[in-house]
Number of protein chains: 2
Amino acid sequence: MIKMSFDEKDNKSISLFFGAISNPKRFRILEALNEKGPMCVSELQNLLNIEQSNLSHNLKCLLNCRLVSREQNGKEKIYNINEDIKVLVNSINEHIKAYDTYIKSCDIVNPVNTKGR
Amino acid sequence: MIKMSFDEKDNKSISLFFGAISNPKRFRILEALNEKGPMCVSELQNLLNIEQSNLSHNLKCLLNCRLVSREQNGKEKIYNINEDIKVLVNSINEHIKAYDTYIKSCDIVNPVNTKGR
DNA sequence: AATATATATGATAAATTTATCATATGATAA
DNA sequence: TTATCATATGATAAATTTATCATATATATT
């Protein structure tokens, strides 16, 4: 088994995984499922005020990353947050609370807050 | 203290924080610091083959998110990974290993792999 | 003080991600 | 078997992120 050197590795999965979580809407979906339990798409839609097809696209992304699971119920699809992710979602809050003001200036990746973001 | 409803929350810090980790180069920087210990910019540059100013921009992002810390040493700046992040970086590997093939199809956010990503 | 070395910054083009629209599919009910 | 409800898909414009270039700053050395 060939081990890549540092300068070759591209961490595709890592990137997709964290990229999935990093989107505000997707994180709100995860939070909602975490706090309120399993829900179908239209329930999420009402709760979060996200347009239907956008919600569906984002759920697909979360599902691909196995951040959520899905099961059919009649014509509805019930989404549920993956157990091992709950730990992550909760644990990271410590760090973020501690450094919130710094992080807000993060500005990925160039000059700080020129866009009033 | 006003608690925002689900449909108002925007999770700015969450987004910036995970966005910072989600970039492949930035994750490689974190990995390098995690595995090889504190390093100055030019050492990272040699190890990872990242162009100087790009490295500097990315380090700034990581620093803002407090994923790394920095200290001066002569004309060098020594970067170090934040302790509480090591846990995160390591723990998430379980999930990613388990679901790697799915995650690779994640494709944030639209049609799957039309771009051969 | 001038020069060299190490790192940081700002502007910007290119690449990627996001939101939205129109439409498609699947399941159930009439 | 058509209609309706629930969710998914593909295309694409808009927004954001990334990489790169030129240049700036900061520290040390001569």
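Just so we're on the same page: letters track the sequence lines, and every chain starts at 1.
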Candidate nucleotides [options], ranked by approach to the side chain of [X] - the nearest:
X	options	result
B:N23	D:dT27, D:dT18, D:dA8	D:dT18
B:V41	D:dA19, C:dT7, C:dT9	C:dT7
A:H57	D:dA11, C:dT18, D:dA8	D:dA11

How long is the line joining [atom1] of [X] and [atom2] of [N], in whole Å?
X	N	atom1	atom2	result
A:E51	D:dA6	CD	P	16 Å
B:N54	D:dT18	CG	P	10 Å
B:Q72	D:dA26	CD	C1'	8 Å
A:L63	D:dT7	CG	P	14 Å
B:R26	C:dT16	CZ	C1'	13 Å
A:Q52	C:dT23	CD	P	15 Å
B:E71	C:dT7	CD	P	13 Å
A:I78	C:dG26	CD1	P	19 Å

Legend entry - C:dA29: pairing nucleotide in any strand, Watson-Crick or G-U under 3.5 angstrom: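 C:dA29 is paired, partner D:dT2.
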Legend entry - Nearest atoms (heavy-atom pairs only) where A:F17 meets A:C65: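 Distance-wise, the nearest heavy atoms are CA-SG, 4.1 Å.
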Inset, instruction - Mind listing the closest non-hydrogen atom pair of A:A32 and A:L44 along with its distance? - result: CB-CD2, 4.2 Å
Inset, instruction - Identify whether any heavy atom of A:S53 sits under 4.0 Å from a base atom; if not, whether one sits that close to sugar-phosphate; answer base, sugar-phosphate or nothing. - result: base
Whether [X] contacts [N] is assessed here as follows: a side-chain N or O lying under 4.0 Å from the phosphate OP1 or OP2. Is that the case?
X	N	value
A:K77	D:dA6	no
A:S56	D:dT9	no
A:R70	D:dA6	no
B:K25	D:dA19	yes
B:Y79	C:dA6	no

Taking atom types as modelled, is there a side-chain donor on [X] or [Y] under 3.5 Å from an acceptor on the other?
X	Y	answer
A:N58	A:R26	yes
B:E51	B:S53	yes
A:S13	B:D100	yes

